[in-house]
Amino acid sequence: MAKLEAGEEIRNIRIKKVEELREKGINPYPYKFDVSHFSEDIIKEFEKLSSSEEVVSIAGRIMSVRGHGKTGFGHVMDSKGKIQVYIREDQAGKEGIEIFKMLDIGDFIGIKGKVFKTKTGEITIVVNELTLLAKAIRPLPIVKEKEEDGEVTVYDAFSDKEQRYRQRYLDLLVNPDVREVFVTRSKIISFIRRYLENLGYLEVETPVLQPIYGGAFARPFMTHLNVLNMKLYLRIADELYLKRLVIGGIEKVFEISKDFRNEGMDRKHNPELTMLEFYEAYKDYNYIMELVEDMLSNVTREVCGTMKIKYKNMDIDLTPPWEKLKYYDSIKKFTGIDVEKYDLNDLKKIAKDNDIEIEDFWDRGKIIEKIFDEKVEDNLINPVFLTDYPIDISPLTKIHREKEGIVERFEVIIAGGELANAFSELNDPIDQRQRFLKQMEMRDKGDEEAQVLDEDFLTAMEYGMPPMGGVGIGIDRLVMLLTNSPSIRDVIFFPAMRPKA
RNA sequence: GGGCCUGUAGCUCAGGUGGUAGAGCAGCGGCCUUUUAAGCCGUUGGUCGAAGGUUCGAAUCCUUCCAGGCUCACCA
């Protein structure tokens, strides 16, 4: 042992117990155990199980122990909940009691026995056979609960956020709410998948490793492919590959994927994030708006039981129809500034007058976007479709059919945050090339997040791309909203953390 | 990156105008055949985030560093 670590003593005692068990002929790590019921089933089917005197078998971790000499109580936790077990020597034998006395909280055990109710009315399994399934040699954080008039008071909750994120398995074991959040996350993703499949969408997988990254504004992660001695990027979006597939005739396509953005980490950002993107040929952004509204309001009802939810201290109603507001009108509404009337120099001055920091090389669109982010976004609590964005900040979006300088794009803002971003997709290859060139110009001027010209993508487009609508939806943000989680770290099992010192 | 705050036993936390540490739970040894924050008796356990400094003496004061939280900025 190179170094004595904290808790070494407890660990040594437990290792000694493992040896003792082996000496007694008990395998502390056997291979299997047949489970007949989950804890929850036993509680639900109690009447039947107790009158038939059926022997049930369950497995799980022992989470509390109360010994009483030749008897003892404890709670066993499995994937569906907890149930009390009661052991007594005249039922489980001397060996049973012996094993029971050597148990530590956190050990996996298997129980065979009949179901009954204690005199305090708790459904309990009386142990006929106790099998140790796996000995734990580190102590679990102990959480004690007291139930009084239906109110559960938690003592010594495992609450250190750093440790909870770093050792999520402990967090999951000990804090039941955490599991709930992730179960909901899974339900949300599964609902969306079914929803799109029912509409005839095909789920696909496109490259994570890309020679040229694109489809969003973000700094990428870089890596290297040894065999071809080439630089590769981890994707920041799926967009350009999914569009290639639509070009290839897959007219309704979606992907749920991890994207990677080499940017700051905070309550709303994690370097790897889960993104849903879907594209449908022959549709425009109006259609996508309807679809997104229907999908998100229904997934909300599915997992929350209602479309009226609470997020932090906000009451949010996702019942359709959602408000529609033109992007420029939203700025007018909350700042009084009619950005359309001003040219680049005017806007620079307005930004300065409003204490909005901008870079010299920025174009109109970037400045307008910044004004929006600073002054408008936080005010939008209930779902709103913001429509018709400046062309400068939307290089993959088709120009507006009626008005110059803007594009057919919308974002969904809920609770002051962007949840979805969608376009009538640009399918004119000549225009697309121009937009890329403009982005390259911005990059040369110092915009590190400007998009990169993708010749291979342009080639694909030049073979003909149907008109289409498409959208990207941040799944982590959606899960945050629907589980009332204030931080993105609460909806990602293993959020990015600095390595421990 | 800025500001504020935190880091003491396995967990949750006290202590702190400087005199090398405490509680509850967990653990360990007992007693106990319906307990449930079980109880009762006894008891172990900590280089007080790290390093350096001031001092006769530092968990406490100072500096730097590390990790984290909140917040602002940045961030499609």
Side-chain angles (χ1 to χ4, degrees), chain A residues 4-14 16-17 63-75 82 84-92 97 101 104-106 116-122 124 126 136-148 152-167 170 174 215-219 236-237 239 259 261-271 273 275 356-357 359 366 369-370 372-374 377 389 393-396 409 411 417-421 448-451 472 474 477 486-487 489 497-501:
Chain A
L4 277 182
E5 53 178 301
E8 190 79 11
E9 196 192 352
I10 289 178
R11 197 162 158 268
N12 285 336
I13 289 166
R14 299 241 186 138
K16 208 171 280 171
K17 281 189 191 173
M63 295 303 280
S64 61
V65 177
R66 297 175 291 281
H68 293 260
K70 293 187 175 67
T71 71
F73 288 88
H75 278 90
K82 282 184 195 176
Q84 179 165 263
V85 297
Y86 173 48
I87 188 165
R88 43 189 295 162
E89 194 184 90
D90 56 13
Q91 298 264 333
I97 287 287
K101 286 189 169 169
D104 290 292
I105 288 169
F116 78 110
K117 254 185 198 172
T118 61
K119 64 185 180 191
T120 56
E122 181 163 352
T124 302
V126 61
I137 61 171
R138 284 181 192 260
L140 239 45
I142 305 295
V143 173
K144 295 227 166 188
E145 291 169 350
K146 184 183 188 175
E147 209 180 316
E148 224 168 8
V152 180
T153 316
V154 178
Y155 296 83
D156 302 337
F158 179 57
S159 56
D160 184 276
K161 283 199 180 176
E162 179 178 357
Q163 211 179 337
R164 287 180 48 209
Y165 296 143
R166 287 190 195 277
Q167 295 181 283
L170 297 179
V174 147
F217 296 93
R219 277 177 283 247
I236 60 171
E239 177 153 353
D259 291 348
R261 296 183 180 178
N262 210 337
E263 316 255 8
M265 284 161 57
D266 62 29
R267 216 168 61 249
K268 285 179 168 179
H269 300 85
N270 193 63
L273 54 134
M275 185 72 90
I356 294 169
E357 277 182 48
E359 306 276 350
K366 274 224 144 211
E369 184 181 37
K370 181 81 177 188
F372 172 84
D373 287 347
E374 296 258 316
E377 192 167 26
Y389 281 65
I393 54 169
S394 315
L396 302 167
R409 167 179 172 189
E411 287 194 0
E418 173 197 338
L419 198 65
N421 183 19
E448 287 184 65
E449 280 152 9
Q451 299 195 13
R477 301 243 178 116
S487 168
R489 291 182 154 183
M497 299 286 282
R498 214 175 242 111
K500 260 179 131 171

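What you see below is based on every heavy atom in this structure, not just the backbone, and it leaves out hydrogens, waters and symmetry mates. Just so it is clear: chains get the letters A, B, ... in the order the sequence lines come, proteins before strands, and each one is counted from 1.
Counted by atom type alone, A:Glu145 and A:His75 present zero donor-acceptor pairs between their side chains at under 3.5 Å. In this model, a donor atom of one side chain and an acceptor atom of the other lie less than 3.5 Å apart for A:Asn421 and A:Arg409.
Remark: A:Phe158 engages no residue in a ring-ring contact (aromatic ring centres under 6.0 Å, His included) (not counting sequence neighbours). Under the rule for a salt bridge (Lys or Arg N to Asp or Glu O under 4.0 Å), A:Arg477 has no partner lying at least two apart in sequence or in another chain. Residues satisfying the ring-ring contact (aromatic ring centres under 6.0 Å, His included) test with A:His269, not counting sequence neighbours, are none.
Base contact: A:Phe116 has a heavy atom under 4.0 Å from a base atom. At a threshold of 4.0 angstrom between heavy atoms, the contacts of A:Arg477 with the nucleic acid are absent. Across all strands shown, A:Ile393 has heavy atoms under 4.0 Å from base atoms, whether or not it also approaches the sugar-phosphate. Across all strands shown, A:Glu449 has heavy atoms under 4.0 Å from sugar-phosphate atoms exclusively, and none from any base. If you check every strand for non-hydrogen atoms under 4.0 Å, A:Asp373 touches nothing. Across all strands shown, A:Ser64 has no heavy atoms under 4.0 Å from either base or sugar-phosphate atoms. Across all strands shown, A:Gln91 has no heavy atoms under 4.0 Å from either base or sugar-phosphate atoms. In this structure, A:Glu357 reaches neither bases nor backbone, as no heavy-atom distance under 4.0 Å exists between it and the strands shown. Counting any heavy atom pair closer than 4.0 Å across all strands shown, A:Ala157 reaches sugar-phosphate atoms only and no base atom. Contact annotation for A:Lys370: backbone-only contact, meaning every heavy-atom pair under 4.0 Å involves sugar-phosphate atoms and none involves a base. Using a 4.0 Å heavy-atom distance criterion, A:Arg267 is classed as a sugar-phosphate-only contact.
Of the candidate nucleotides B:rC13, B:rG27, B:rC11, B:rG27 has the atom nearest to the side chain of A:Lys17. Distances from the side chain of A:Tyr165 to the nucleotides B:rG69, B:rA67, B:rU34 place B:rG69 closest. Of the listed nucleotides (B:rC70, B:rU34, B:rU33), B:rU33 has the atom at the smallest distance from the side chain of A:Lys70. In the set B:rA37, B:rC75, B:rG69, B:rG69 carries the atom at the smallest distance from any side-chain atom of A:Arg489. Minimum atom distance to the side chain of A:Phe158 is reached by B:rU12, of the listed B:rU12, B:rC28, B:rU35. In the set B:rU33, B:rC28, B:rA37, B:rU33 carries the atom at the smallest distance from any side-chain atom of A:His68. Which of B:rA37, B:rU33, B:rG68 sits closest to the side chain of A:Lys146 comes down to B:rA37. For A:Arg88, the side-chain atoms get nearest to B:rU33 when compared with the rest of B:rU33, B:rU35, B:rG68.
A distance of about 47 Å separates the C1' atoms of B:rC40 and B:rC4, rounded to the whole Å. Atom name C1', nucleotides B:rC48 and B:rA21: the rounded distance is 8 Å, in whole Å.
In this structure, the NE2 atom of A:His75 is 13 Å from the C1' atom of B:rU34, given to the nearest Å. When the P atom of B:rC31 is taken as reference, atom CD1 of A:Ile97 falls 13 Å away, rounded to whole Å. Here the C1' atom of nucleotide B:rU35 and the CZ atom of A:Phe73 are 4 Å apart, to the nearest Å.
A salt bridge links A:Arg88 to A:Asp90: one of the charged nitrogens lies within less than 4.0 Å of a carboxylate oxygen. A salt bridge is absent between A:Arg11 and A:Glu9: the closest approach of a Lys/Arg side-chain nitrogen to an acidic carboxylate oxygen does not fall below 4.0 angstrom. Of the charged side-chain nitrogens involved, at least one lies within less than 4.0 Å of a carboxylate oxygen, so that A:Arg219 and A:Glu449 count as a salt-bridged pair.
The phosphate of B:rG68 has OP1 or OP2 within less than 4.0 Å of a side-chain N or O from A:Arg498. Under 4.0 angstrom from either OP1 or OP2 of B:rG68 there lies no side-chain N or O belonging to A:Arg164. In this model, the phosphate group of B:rG68 is not approached by any side-chain N or O of A:Gln163 to a distance below 4.0 Å at OP1 or OP2.
Looking at which nucleotide of RNA chain B each of A:Asn421 and A:Gly67 is closest to, the 5′-most match is held by A:Gly67.
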Nucleotides 1-4 of chain B: which of its N/O atoms have a protein N/O under 3.5 Å away?
none

For nucleotides 43-46 of chain B, which of its nitrogen or oxygen atoms have a protein nitrogen or oxygen under 3.5 Å away, and what is each distance?
| unit_1 | atom_1 | unit_2 | atom_2 | d |
| --- | --- | --- | --- | --- |
| B:rU44 | O2' | A:Glu9 | OE2 | 3.4 |
| B:rG45 | O4' | A:Glu9 | OE1 | 3.4 |

Polar atoms only, N or O, under 3.5 Å: list the protein pairs with nucleotides 22-26 of chain B and their distances.
| unit_1 | atom_1 | unit_2 | atom_2 | d |
| --- | --- | --- | --- | --- |
| B:rG24 | N2 | A:Asp156 | OD1 | 3.2 |
| B:rG24 | N2 | A:Asp156 | OD2 | 3.0 |
| B:rC25 | O3' | A:Lys144 | NZ | 3.3 |
| B:rA26 | OP1 | A:Lys144 | NZ | 3.2 |

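For A:Glu122 against B:rU34, no side-chain N or O and base N or O form a donor-acceptor pair under 3.5 Å. A donor and an acceptor atom never sit less than 3.5 Å apart when one is taken from the side chain of A:Asp266 and the other from the base of B:rC75. You'll find a donor-acceptor pair under 3.5 Å spanning the side chain of A:Thr118 and the base of B:rU35, going by distance alone.
Counting only distance, with no hydrogens or angles, the side chain of A:Asp160 and the backbone of A:Gln163 share a donor-acceptor pair below 3.5 Å.
The two atoms that bring A:Tyr389 and A:Ile393 nearest to each other are CD2-CD1, 4.2 Å, heavy atoms only.
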